[in-house]
Amino acid sequence: MPDKSGSKADAGAAREPMMPIDDPIGAALRRLHDEVVAEPLPDDFLRLLGEIERKLDGTAPSE
Amino acid sequence: MTEEAPKAAPHDDKDFRDQLVAIIPSLRAFARGLCGNRDMADDMVQDAMTRAWAARQSYAAGSNFRAWMFMILRNHYYTTLRKNARMVSWDPEVAERVLVAAPAQHDGLNVQDVQAALLKLPAEQREVLLLIGANGVSYEEAAEIMGCAIGTIKSRLARGRVALAALIDGPALDDEADPLKPRAPVLTTPR
């Protein structure tokens, strides 16, 4: 589990380069990410979003 | 920041819904990288979305929505992990691709090998690699999401990269040399 030790005083480190652009591991991680991002949204998500939209519209579910 | 902590500021449900929709692909990628199973990952993302929608009144409009959502998803992942210790383990789909498919080489690294190796890492290293290396979040944002210091994030990232490279390049890590033992079983060809 996450440890909460240490200080957050080194916030300036956030501006340092995180992974070199030519790092093969970083590139492979980005490809893994991009492959999932490029997938069409599964129907389950569309149904869930439909439920949210019905709540926004104040209408009851159709089924 | 916690799921309930940010105090209410006026915001619009439609804006909230739009932000939720926009972040779904990144949440799916993060969840799949964490648990290595497409269906389980998508279930976790949908649960996180439902929780976020239910807690939308506690989200402070204008604050970091991405960090808030990743934190909800991450908390849900660890809660689920505690309930099912074997969750981060064998994924037949991943194994099939790793063991059977022709290697998809890019810049000298097989993407499927990286996916499989990620699953062998301790979760805290895996998540920081996914957040920073794959999702491109900053150290600061990762620290916010993971609830730890930026120094801890940097340390985990450095160790995770070394461990991942070792898993990809050669034999499994020596547990004596690295006290962070892999949590998931090593993928081996079934005999």
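Worth saying up front: this structure is predicted, and the values here are computed from it rather than measured. In the text below, chain A, chain B and the rest are named by the order of the sequence lines, each starting its count at 1.
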If hydrophobic clusters are built by linking Ile, Leu, Val, Met, Phe, Trp and Tyr wherever their side-chain heavy atoms come under 4.5 Å apart, do Leu46(A) and Trp53(B) end up in the same one? yes
Min side-chain heavy-atom separation Val114(B)-Leu29(A) under 4.5 Å: yes
Any side-chain heavy atom of Phe45(A) within less than 4.5 Å of one from Val45(B)? yes
Is it the case that one hydrophobic cluster holds both Leu27(B) and Phe16(B), taking links as side-chain heavy atoms less than 4.5 Å apart, direct or via other members? yes
Less than 4.5 Å apart, side chain to side chain, heavy atoms only: is that true for Arg161(B) and Asp23(A)? yes
Among Ile153(B), Asn135(B), Leu130(B), who wins on heavy-atom pairs under 4.5 Å with chain A? Asn135(B)
Taking all non-hydrogen atoms of both residues, which atom of Ala165(B) and which atom of Ile25(A) are closest, and how far apart? CB-CD1, 3.5 Å
From CE (Met49(B)) to CD (Glu51(A)), nearest 0.5 Å: 10.0 Å
Presence of salt bridge, Lys14(B) and Glu53(A), under 4.0 angstrom: no
Report whether Leu129(B) and Val36(A) are members of the same hydrophobic cluster (ILVMFWY, side-chain heavy atoms less than 4.5 Å apart, transitive linking). no
Counting only heavy atoms closer than 4.5 Å, note whether Leu20(B) contacts chain A via side chain, backbone, both or neither. side chain
Distance-minimising heavy-atom pair for Arg17(B) and Ile52(A): CG-CG2, 3.7 Å
Under a 4.0 Å N-O cut-off, is there an ion pair linking Lys55(A) with Asp13(B)? no
Lys/Arg N to Asp/Glu carboxylate O, Arg32(B) vs Glu39(A), below 4.0 Å: yes
Name the region of Leu118(B), side chain, backbone, both or neither, that has any atom closer than 4.5 Å to a heavy atom of chain A. side chain
On a heavy-atom basis, which atom in Gly133(B) and which in Arg30(A) lie closest, and how many Å separate them? O-CG, 3.2 Å
Can you confirm whether Asp42(B) sits close enough to Asp44(A) that some side-chain heavy atom of one is under 4.5 Å from a side-chain heavy atom of the other? no
Is Leu41(A) close to Arg28(B) at the side-chain level, that is, under 4.5 Å between some pair of heavy atoms? yes
I'd like to check Arg38(B) versus Pro42(A) (side-chain heavy atoms, cut-off strictly below 4.5 Å). Are they in contact? yes
Nearest non-hydrogen partners of His33(A) and Ser26(B), listed with the distance: NE2-OG, 3.8 Å
Within the structure provided, determine whether Ile24(B) and Leu49(A) are in side-chain contact (heavy-atom separation under 4.5 Å). yes
What about Val21(B) and Leu73(B), same hydrophobic cluster or not, with Ile/Leu/Val/Met/Phe/Trp/Tyr joined at side-chain heavy-atom distances under 4.5 Å? yes
